[in-house]
A.B. asks: 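Here you go, one structure.
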Amino acid sequence: MKNQQIADLFSAMADLLEILGESLFRVNSYRKAARVLEELAEDIEAVAAADRLTEIEGIGDSTAGKIRQYLAEGRIEQYDKLKAQVPPDLPGLLDVPGLGPKTVAKLWKQASVTSVAELRAALDKSPERLLAVEGLGPKKLDQIRQSLAFQAEAGGRIRLNTARELAERLLADVRRAPGAQRATFAGSLRRGKETIGDIDLLCQADANRAAKIIQRFAASEGVERVLAAGATKGSVVLTGGVQADLRVVEPASYPAALMYFTGSKEHNIRLRELAVQKGWKLNEYGLFDGEKRFKAGEEADLYARLGLAYVPPELREDRGEVEAARDAALPELLEDGDLRGDLHMHTTASDGHNSIDEMIDACRAKGYKYLAICDHSKSQVQAHGLDEKRLAAHVEAIRKSARRHKDILVLTGVEVDIFKDGSLDFSDDVLAGLDFVTASAHSALAMSGPEATKRLIRAAEHPCVHCIGHPTGRMINSRPGMEIDVAELARAAAANGVALEINAHPVRLDLRDVHVRAAVEAGAKLVINTDAHSTDQLDLMGYGVTTARRGWARKGDVLNTLTPAQLRKWLGTKRK
DNA sequence: GCCGTTTTCGGCCCGACTGTTTTCAGTCG
Ligand SMILES: Nc1nc2c(ncn2[C@H]2C[C@H](O)[C@@H](COP(=O)(O)OP(=O)(O)OP(=O)(O)O)O2)c(=O)[nH]1
Ligand SMILES: [Mg+2]
Ligand SMILES: [Mg+2]
Ligand SMILES: [Zn+2]
């Protein structure tokens with residue numbers, strides 16, 4: 001699937017155009033094209049073949065032409081031309097915090113600095129050359145030195161669970177600050193995005209207390225350096241390289257500030273455009289008609305004033321939610337309490353850390369009505385996968401436990417490996433004897449998108465399979481996974497009555513949000529599982545629910561919201 | 001470059017913080 005490659009090219013063209021001083025609106029349209037391509041769950045080639053490119057929001061004739069050229073020739077002429085106008089490593093300078101397109105252009109034109117390496121050298125040996133550049137003074141150079149010194153440590157985006165832990169600690173500290181009336185996290189963390197760029201905190205306080213709260217934040221434990229600390233906001237880097245931003249506002253501004261600071265940026269812009277259309281102004285202090293500020297006690301009041309239904313944070317990505325909120329067409333999203341069981345967990349029989357009974361007890365303690373034990377199959381040798389004989393014994397043990405736990409439905413199952421060609425690690429006979437079969441790919445993930453899609457579709461068409469586990473196999477921040485055309489897979493899943501897993505483990509979150517959306521649109525069932533390898537990992541379910549909500553999933557889209565009786569019936573139709 | 005319950009042309013979100021400035025540009029949220 002070439003979606004990501006093309007997205008990267010548009011992103012690179014945006015950077016090049018910006019350095020070259022092109023109109024920011026035009027630059028933004030390239031960035032938007034990159035974003036929608038990245039978020040597309042369908043193979044761009046299929047969209048192009050159906051002549052539907054310009055149906056995608058943000059893709060017009062010009063962008064569509066470039067995409068078609070890439071698909072036909074493997075290159076975009078405009079990219080090549082832009083690239084030729086600029087030294088090859090110049091755009092790399094944009095990654096240095098504090099350096100933007102204007103400064104990068106001036107460094108190049110006025111100081112012949114064309115790469116990060118040359119910048120480092122100049123800072124060391126000939127700072128006077130840099131000081132001669134318009135707008136650069138000694139303090140700015142020091143800032144750049146700092147940025148470069150810490151650049152290696154700045155690790156990029158972190159996982160949702162890691163960010164939550166960090167944020168809880170910071171938040172507890174902010175709440176203890178004198179004058180702090182309330183505080184919460186905002187930004188991508190509140191929206192539940194799969195990775196988090198930085199931690200955004202919002203605090204309510206009277207204006208005369210704000211500066212002190214920010215200074216306290218900047219001086220708090222775990223802060224490595226302070227990027228900015230003013231009268232309303234502060235920005236710090238924590239040891240480890242994660243950035244944290246604190247915004248402090250007065251009580252009357254809190255709802256608008258929460259709305260602003262939750263974002264996303266693109267969602268904010270849509271809301272602000274709506275305000276402008278009505279002759280108003282929306283910012284982090286409120287919604288204004290001239291000098292007059294509309295009263296708002298919570299975010300919902302602001303949405304209502306703009307003619308919109310309340311938009312849950314998970315949906316605020318400018319993926320159609322503003323239109324849906326206007327048309328009263330937002331979905332009634334799945335909620336945490338809707339889940340009645342977990343259908344993918346491991347035990348000590350394969351690579352889990354707890355026994356069957358311990359997992360059952362932990363599920364009961366969570367209030368679940370059912371669970372399925374799905375240990376690995378024999379080809380997963382490193383995970384101590386079960387062969388037919390051990391599986392039979394394991395199933396017997398599960399049934400025996402089940403008889404002792406009458407208040408919770410315990411299903412026998414397996415996580416059967418999907419081979420490279422889409423066939424499975426157990427024979428039909430063996431699989432047919434199990435209550436719940438999850439099929440997952442674990443190895444040979446480095447295959448082309450179309451091949452990988454075929455592989456999973458073949459597994460989904462298998463008469464004994466109930467669920468495709470962690471479909472792409474991606475591991476956040478460590479491996480990309482297969483480039484599945486999830487829209488196509490979801491159609492096959494829907495046709496065959498197979499559920500697609502949202503693996504809730506924060507390292508996986510697979511399917512991811514935009515994939516969930518495609519699955520819902522195709523009418524496929526989802527199932528949210530923790531894939532727990534220990535009792536405490538059963539608690540990770542919330543990350544899966546968040547991901548499902550970000551994919552616009554309703555209760556009815558999710559298999560494990562069914563009652564035990566309904567679930568049995570669903571399983572029965574598969575085994576007829 | 002995209003887009004349209006006022007538009008097919010003329011708009012395109014709005015503000016904080018810092019540094020280099022003599023009134024604001026650049027970068028970032
Ligand atoms: N109106 C407006 N709001 C913005 C802009 N940039 C950022 N914001 C708001 C919305 C963001 O969610 C919020 C926090 O900014 P961040 O840069 O931290 O982005 P966010 O947390 O969404 O993503 P992240 O995971 O940190 O990359 O600030 C902007 O250009 N305009
Ligand atoms: Mg953020
Ligand atoms: Mg931020
Ligand atoms: Zn697995």
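Predicted, not measured: the structure shown is a model, and the values here were computed from it. Per chain, numbering begins at 1; letters A, B, ... match sequence-line order.
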A.B. asks: Using a cut-off of 4.0 Å on non-hydrogen atoms, how would the nucleic acid contact of A:Y260 be classed: base, sugar-phosphate, or nothing?
C.D. replies: base

A.B. asks: Please work out if A:A231 contacts a base, only the sugar-phosphate, or nothing of the nucleic acid, heavy-atom cut-off 4.0 Å.
C.D. replies: sugar-phosphate

A.B. asks: Take atom P in B:dG29 and the same atom in B:dT22, then report the distance between them in whole Å.
C.D. replies: 27 Å

A.B. asks: Using side-chain heavy atoms (C-beta onward) and a distance below 4.5 Å, is A:E483 in contact with A:S448?
C.D. replies: no

A.B. asks: If you measure from the P atom in B:dC13 to the same atom in B:dC17, how many Å do you get, rounded?
C.D. replies: 22 Å

A.B. asks: Please report the interatomic distance CG(A:D43) to CG(A:L40), rounded to the nearest 0.5 Å.
C.D. replies: 8.5 Å

A.B. asks: Do the numbers put A:R182 on top of the ring of A:Y254, so that NZ or CZ is under 6.0 Å from the six-membered ring centre and no more than 45° off the axis?
C.D. replies: yes

A.B. asks: Hey, which sits more toward the 5' end of DNA chain B by its nearest nucleotide, A:L99 or A:G230?
C.D. replies: A:G230

A.B. asks: Where along residues 27-48 of chain A does a heavy atom fall under 4.0 Å from DNA chain B?
C.D. replies: A:S29, A:Y30

A.B. asks: When you compare B:dC3 with B:dT8, how far apart are their P atoms, in angstrom units rounded to a whole number?
C.D. replies: 16 Å

A.B. asks: Name each donor-acceptor pair under 3.5 Å that joins a side chain in residues 215-227 of chain A to protein atoms two or more places apart or in another chain, with its distance.
C.D. replies:
from   : atom 1 : to     : atom 2 : distance (Å)
A:R216 : NH1    : A:D173 : O      : 2.9
A:S220 : OG     : A:F217 : O      : 2.7

A.B. asks: Measuring only between side-chain heavy atoms, which start at C-beta, is A:P101 closer than 4.5 Å to A:L94?
C.D. replies: yes

A.B. asks: Rounded to whole angstrom, note down the C1' distance from B:dC9 over to B:dC14.
C.D. replies: 24 Å

A.B. asks: Both distances below 3.5 Å, Watson-Crick or wobble geometry, any strand: find the nucleotide opposite B:dT8.
C.D. replies: none

A.B. asks: Which comes earlier along DNA chain B counting from the 5' end, the contact point of A:G60 or that of A:R270, where each point is its nearest nucleotide?
C.D. replies: A:G60

A.B. asks: Just the endpoints, please: which first and last nucleotides of DNA chain B, 5' to 3', lie under 4.0 Å from a heavy atom of chain A?
C.D. replies: B:dG1 to B:dG29

